[in-house]
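For reference, the structure is listed below as structure tokens.
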Amino acid sequence: MGYNFNEIEKKWQKRWRDNNTYRVTENADKKKFYVLNMFPYPSGAGLHVGHPLGYIASDIFARYKRLCGFNVLNPMGYDSYGLPAEQYAIQTGQHPAITTDQNINRYREQLDKIGFCFDWNREIRTCDPEYYHWTQWAFIKMFNHYYDNSAKCCKPIEELITKLSKEGSAGIDAACTQEVNITAEQWNAMSENEQQELLMNWRIAFLNETMVNWCPKLGTVLANDEVVDGVSERGGYPVVQKKMKQWCLRVSAYAQRMLDGLDRIDWTESLKETQRNWIGRSEGTEMLFSVKDSDVQFTIFTTRADTIFGVTFMVLAPESELVATLTTEAQKAAVEEYIDRTKKRTERERIIDRNVSGVFTGSYAINPITGEEIPVWVSDYVLSGYGTGAIMAVPAHDSRDYAFAKHFGIEIRPLIEGCDVSEESFDAKEGIMTNSPTAAFADCKLNLNGLTVKEAIATTKRYVTENKLGRVKVNYRLRDAIFSRQRYWGEPFPIFYKNGVPYPIPEKCLPLELPEVEKFLPTESGEPPLGHAKMWAWDTVNNCVTEKEKIDNETIFPLELNTMPGFAGSSAYYLRYMDPRNHNALVSKEADNYWQNVDLYVGGTEHATGHLIYSRFWNMFLFDLGVSVKEEPFQKLVNQGMIQGRSNFVYRIKDTNTFVSLNLAKNYDVTPLHVDVNIVSNDILDIEAFRTWRPEYADAEFILENDKYICGWAIEKMSKSMFNVVNPDTIVEKYGADTLRMYEMFLGPVEQSKPWDTNGIDGCHRFLRRMWNLFYDKDDNLIITDEQPTKEELKSIHKLIKKTTEDIPAFSYNTTVSAFMICANELGTLKCNKRAILENFVIVLAPFAPHICEEIWESLGHTTSVCDAQWPTFNEEYLKEDRIKYTISFNGKARFTMDFATDADKAYIESTVLADEMTKKYIEDKPIKKVIVVPKKIVNIVF
RNA sequence: GCGCCUGUGGCGAAAUUGGUAGACGCGCCAGACUUAGGAUCUGGUGUUUCGCGACGUGUAGGUUCGAGUCCUAUCAGGCGCACCA
């Protein structure tokens, strides 16, 4: 019979489920280890072979840790709110909850077949009210907190209110939307509504009228990371800038902490770099410029304070409020025309069209250092959202300013010795300053001439600060996250509106469940889909949801119609896994203290600037609240690579139904056609299967080479339309889950993207069969003996134990699989059937191929699962060799090999003797200059 | 433009601190057993040469007794950021 993987795998998957083998509970006697996969969005297409790659890798890690005696948390769940289910609902009227449920069941079925050690008792779904209770709860907490910059943590908004009522805004150093100057008297004189509106300036979850990425096609706003190259990441629809009132999260308040935190976590350098770029810290100077013949002043931000003497014009962003103030009567028409023109363009168009454009406002600013008059322009190359929306332009040392100056014929004034600005600007931050100031401003108190750029920046900063002309400022590219979506299938906001002012519903009333609607589209008046909900008003007397018709704005108020974006539910899910059924808290103190944070997080790199930013922010907020014990949620992060599809082609001779094999195709005029990879094996087409694949090929003719039809191939994205999707189920059926697991790991480094290619899978399958044959004879009788192992056998197995023990923590799985193969070959050659050796083999293989190992483990007489075995330790003694082959080289040449003692000192003596002999033998007339003994492999004798 | 990463056989890939480059698997070649082979087993397989040998880790230098590994330059590919002042 031999290795019957189908039966074995079914048996053990059932056994694991029945025995709850992978259930995990907090256990203070054991050290914890938390392994987590980025939970999937259950799409209608099901899993393809690329999805399990990361799950298998983390599963191996989890099983390894368990064998090492750790209490391992390895949960799984579903990120089940999302666009596809909603769009399907719009098209078919089917409630998204139903499709989502179906998809989840399909996912679960597929996952179960691969033999993961997930603790399904802890499963969570983001669309489950039990779960989003805590998403809403966190939102209310964010609404009720502000960020204290000096204390570097968030604080209850009540503390801010107290400060405002006692001292006004004077003593407040808090993250805010806009700088506010207000006295206590002013604050106290405000109405409730006015106060609430002003508090939005500080709340961490706040409502803000802001320029948003509006996607008309999707009918919703998008966060910055959901917009790529000016189009929506999902669907690729155009995105325009639109001013709208939206919920936002003050992520920017945590910018510095998120940046600093990167140094303390074990992520890849490239991912950290991506986040650093996204946060975009920029240290510079804010400088105050006055306007000629006016008492208006405005600030600009620059990283090149040293170039202040080279400023020949100023530029405002078209959206800047200053534009209206600074435009003179004479220029008004021109400016308005220009702004109209830029408004009409989408961001994408603005990026693509890099032609220089702009218009003069008619006003002049005064250089605060020299007193020079500088024209103020408007141009769309300056962004309103970054810095102050106004810049000082130094054409000699900034390429964008340079292009602008050239186009409009503005003076270009070089400030660095020896730089040539006749063709292009000199942007490098290096060189010696000159012309700073020029003779014309010789009496200027600031003199940078002769300094390096670095020194000049520091000197100018000091001068500006001392003379109160501005201040040192750090800017971040990271924007606050826009948190409203005009969609149905998402978490509802626990917010109602009283006199147009938002108030959270009481925490004890959570969760606020998503209401039923008749239609999933926006309402006729343009409200989000929740506008259709009948039961969508808040009764403040009974603290419950009630009919919308009852709204009286006295005790019954309208509820928020927007829902939360996709990243809301995925931001703190790892905390919920620690204590998923807790009705009183997101996570209990005990569970949180025990599990702490995720030790190993595995997922795709596409979340670098989305989920992984929001999640860190969200966790830091909860950390400030004392809810989460760790500031960083994911200690180590591994990005698994993508698995691409390997498409196959057949070549049809034009206007015929004849197909010609790959290497003969060049002789004909052919059309390449995608062919389903499932009817191709090792690039050889199954001709019969091809004829039945599609009716039009039923009577296809073939021109073969060597009696075979060879297909062409290409690496493409795995997709239905290219017929290159490989479903893990078919692999499991044909080879078994253990082979699939081994093979996915053998394919190459986990972190690397690679095409799926079934060509090598037989090798892994053969290994498992050979492994099986070490234990059983042809009639499936166990052939294990209790004999003492030989030295050679011990060496072979200890080599394997060493390799696995060192490689698994390093995530070097492909070489580990090789090591298994080598060991199995060696033991096969030695005809080893000794328990003392083979039991260890089973244990170290168990993380990779759990089913076959359980089966063997059981027939070896064990009554407990192989999961509860103990990871063997290797003994260096068995690995040592008395003598090692060394390579002898003369001046690095003329090499031959011979044995030497492993002991370095002995080897030195032996090699010296050898050198003496060599001298006599080969080079009698030349003396030996040098003998080098490198402990390990080579003895080099130099003449 | 700035930043990060990667370049090794026909293919996927190995290579501890610099120490016999190409482990392991696929594919290919030969043989064995078979009615049969897309099963199994054994041996071979970087290039070149009949052989000895020579040459080989994108390219060009450098350090070293010795470089895939370290340094410099350069080319190619991938990823991230990007009118961010």
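Basis for what follows: all heavy atoms, side chains included, without hydrogens, waters or symmetry-related copies. Note that the coordinates shown come from a computational prediction; the quantities given were computed from them, not determined experimentally. Residue numbers begin at 1 in each chain, while the letters A, B, ... track the order of the sequences.
- OP1 or OP2 of B:U40 has at least one side-chain nitrogen or oxygen of A:Arg769 nearer than 4.0 Å.
- OP1 or OP2 of B:A82 has at least one side-chain nitrogen or oxygen of A:Arg477 nearer than 4.0 Å.
- Minimum atom distance to the side chain of A:Asp398 is reached by B:A85, of the listed B:A85, B:G25, B:A13.
- Between B:U69 and B:U17, the two C1' atoms lie 11 Å apart (nearest whole Å).
- The side chain of A:Phe746 has B:G12 as its nearest neighbour among B:G80, B:G12, B:C26.
- Counting only N and O atoms by type, the side chains of A:Thr739 and A:His765 include a donor and acceptor under 3.5 Å apart.
- Of the P atoms belonging to B:G3 and B:G58, the separation is 23 Å, rounded to the nearest Å.
- For A:Ser818, taking side-chain heavy atoms from C-beta onward, the closest of the listed nucleotides B:A23, B:U40, B:A85 is B:A23.
- In this structure, A:Tyr386 reaches the B:A85 phosphate: one of its side-chain N or O atoms is under 4.0 Å from OP1 or OP2.
- Remark: the backbone N or O of A:Glu411 is paired with a side-chain donor or acceptor of A:Thr312 at under 3.5 angstrom.
- A:Arg276 has no side-chain polar atom (N or O) that falls below the 4.0 Å cut-off from OP1 or OP2 of B:C81.
- Distances shown here put every side-chain N or O of A:Arg770 at or beyond 4.0 Å from the OP1 or OP2 atom of B:U40.
- The nucleotide whose nearest atom lies closest to any side-chain atom of A:Asn277 is, among B:A85, B:G80, B:A13, B:G80.
- Checked against B:G25, B:C81, B:A14, the side chain of A:Thr609 finds its nearest nucleotide in B:C81.
- In this structure, A:Met742 atom CE and B:C24 atom C1' are separated by 11 Å, rounded to whole Å.
- B:A21 sits 12 Å from B:G56 when the P atoms are compared, rounded to a whole Å.
- Distances shorter than 4.0 Å separate none of the side-chain N or O atoms of A:Gln752 from OP1 or OP2 on B:G78.
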